[in-house]
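These numbers come from a predicted model, not from an experiment. The figures here come from the full heavy-atom set of this structure, side chains too, leaving out hydrogens, waters and symmetry mates.
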Amino acid sequence: MPVTVKTFANFGEAASALSSDRSARYLGGGTLVMRALNEGDVSISTVVRATDRALTRIDVASSRVTIGAGVTFARILAERELAFLHAPARSIGGPAVRNMGTVGGNLFAPSPYGDFTVALLALDATVSVQGGLGARDMPIEEFLQSRERQSGALVLAIACQRPASADAFRYRKIARIKPKGGSVITLAAHLPSSGGRISGARIALGSMAATQIRARAAERALEGRSLDDAAINAAAAVAAEGVSPTDNALGSAWYRREIVGVHLRRLLSGLE
């Protein structure tokens with residue numbers, strides 16, 4: 001089946017083209033769409049592109065960061081002010097993938113991929129999308145829960161809070177092939193504190209469900225407490241609550257449930 005490529009100078013026109021054609025897919029870096037086409041996905045008959053520079057803009061305020069959906073992981077790594085996102089960006093594939101792969105595309109990466117999105121979920125990111133109903137901002141958790149219904153919408157940007165300190169945000173990816181393998185488990189934690197006690201804990205997991213999810217029981221175990229051994233052990237003990245991993249070549253669902261608490265304990269303890 002022939003594939004039509006449509007390129008637009010304005011992201012609004014690209015969004016309209018996407019929302020009006022169910023067989024259209026947006027091409028950012030191509031690491032997902034081109035793979036699907038090369039593997040013979042006949043559901044895609046139109047590829048939509050946009051050259052609008054707004055999609056590759058990075059805006060850094062004192063406490064909030066906005067990243068265009070077309071920003072690559074290599075670009076993230078080149079930005080000193082985005083140092084808190086360097087570890088998640090560095091864990092994505094090899095240099096070729098990081099040069100092409102985009103922040104917006106990672107939102108759609110299926111398990112066991114989508115590691116950068118785990119970090120964004122822990123940071124309570126907001127996703128700006130434009131579709132048939134116009135532009136709107138969505139909490140990333142809502143976006144992920146409705147991801148399959150977002151294929152006709154164009155992701156414009158992702159915004160998140162900048163962690164108040166270097167140790168307030170932590171990230172860990174467990175992979176069998178380093179550094180570019182698919183994830184056995186990916187974990188990220190944002191632990192804001194007030195008066196020495198955690199306030200607004202966010203812990204996100206990848207490869208533990210159909211999409212990236214929050215470890216809400218572990219968050220509750222940390223809330224209002226100092227990050228000491230007792231709190232860490234309490235969070236690790238309930239890390240597997242609410243997860244629904246599947247078996248794949250990297251690990252079984254049973255194995256993932258068994259080790260998620262171990263790796264959460266290591267993450268929270270600051271151990272490599």
Side-chain angles (χ1 to χ4, degrees), residues 5-19 21 24-36 44 46-61 64-79 81-82 84-86 88-89 91-93 97-110 113-162 204 206 211-212:
V5 178
K6 297 180 178 180
T7 302
F8 300 92
N10 180 280
F11 68 73
E13 296 173 347
S16 295
L18 274 178
S19 62
D21 185 352
R25 295 294 182 272
Y26 185 78
L27 179 68
T31 57
L32 296 177
V33 172
M34 290 309 302
R35 178 177 180 177
I44 305 173
T46 304
V47 169
V48 175
R49 299 176 63 248
T51 58
D52 196 325
R53 291 188 178 181
L55 297 174
T56 57
R57 184 177 300 148
I58 298 175
D59 293 320
V60 180
R64 194 157 184 84
V65 173
T66 302
I67 303 171
V71 171
T72 66
F73 299 113
R75 174 94 178 278
I76 296 284
L77 289 169
E79 296 287 336
E81 291 180 307
L82 299 181
F84 67 98
L85 291 173
H86 284 184
S91 75
I92 305 297
V97 172
R98 291 194 292 271
N99 283 336
M100 297 298 294
T102 63
V103 173
N106 198 258
L107 294 171
F108 295 91
Y113 306 105
D115 304 305
F116 196 83
T117 301
V118 177
L120 294 175
L121 178 57
L123 291 166
D124 260 346
T126 299
V127 182
S128 298
V129 300
Q130 181 157 335
L133 300 177
R136 63 181 179 131
D137 294 336
M138 303 174 63
I140 189 170
E141 191 169 17
E142 178 186 342
F143 177 90
L144 292 171
Q145 290 169 354
S146 62
R147 185 168 65 180
E148 298 304 317
R149 300 193 296 276
Q150 301 295 333
S151 59
L154 177 62
V155 175
L156 306 179
I158 300 94
C160 66
Q161 292 295 119
R162 191 210 297 253
T211 65
Q212 300 82 352

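The closest donor-acceptor contact from the side chain of R98 to the backbone of I92 lies under 3.5 Å. For Q130 (side chain) and F11 (main-chain N/O), no donor-acceptor pair under 3.5 Å exists by modelled atom type. A distance-only check finds a donor-acceptor pair linking the side chain of T117 to the backbone of N106 [under 3.5 Å]. For the pair R75 (side chain) and T102 (backbone), a donor-acceptor distance under 3.5 Å is absent.
Atoms OG1 and CG, on T46 and L27 in that order, are 12.5 Å from each other to the nearest 0.5 Å. Atom CD1 of I58 sits about 9.5 Å away from atom CD of E81, to the nearest 0.5 Å. Expressed to the nearest 0.5 Å, how far NZ of K6 lies from CD of E13 amounts to 12.0 Å. Rounded to the nearest 0.5 angstrom, Q212 CD and E141 CD are separated by 11.0 Å. The distance from atom OH of Y26 to atom CZ of R49, rounded to the nearest 0.5 Å, is 7.5 Å. Separation of atoms CD (E142) and CD1 (I140) is listed at 11.5 Å; rounding is to 0.5 Å.
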Q. Step by step, would you call I76 with V71 a side chain to side chain contact (heavy atoms under 4.5 Å, CB included)?
A. CA-CA 7 Å; I76 296 284; V71 171; 4.0 Å; yes
**Q.** side chain to side chain contact (heavy atoms under 4.5 Å, CB included) between R136 and V129, worked out
**A.** CA-CA 6 Å; R136 63 181 179 131; V129 300; 3.9 Å; yes
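Annotation: side chain of L156 is in contact with side chain of L55 (closest heavy-atom distance under 4.5 Å). With a 4.5 Å cut-off on side-chain heavy atoms, Q161 and D124 do not count as touching. Put simply, the side chain of V48 reaches to within 4.5 Å of the side chain of F8, judged on heavy atoms. Put simply, the side chain of I67 does not reach to within 4.5 Å of the side chain of C160, judged on heavy atoms. Looking at heavy atoms from C-beta onward, L123 lies in side-chain contact with L85 at the 4.5 angstrom threshold.
Taking all atoms of both residues into account, the shortest heavy-atom contact from V155 to G104 is CG1-CA, 4.5 Å. Looking at every heavy atom in both residues, L32 comes nearest to P110 through CD2-CD, 4.3 Å. Between I158 and A125 the shortest heavy-atom distance is CG2-CB, 3.7 Å. Here the closest non-hydrogen pair linking A14 and A50 is CB-CB, 3.9 Å. Between A119 and P88, the shortest heavy-atom distance links the atoms CB-CG, 3.7 Å. Across all their heavy atoms, I44 and A36 have their closest contact at CD1-CB, 4.1 Å.
In this structure, R53 places its CZ atom where only 12 or fewer heavy-atom neighbours from other residues, nucleotides or ligands lie under 6.0 Å away.
Using modelled atom types and a 3.5 Å distance limit, the side chains of D115 and S91 yield no donor-acceptor pair.
Aromatic ring centres of F143 and F108: separated by under 6.0 Å.
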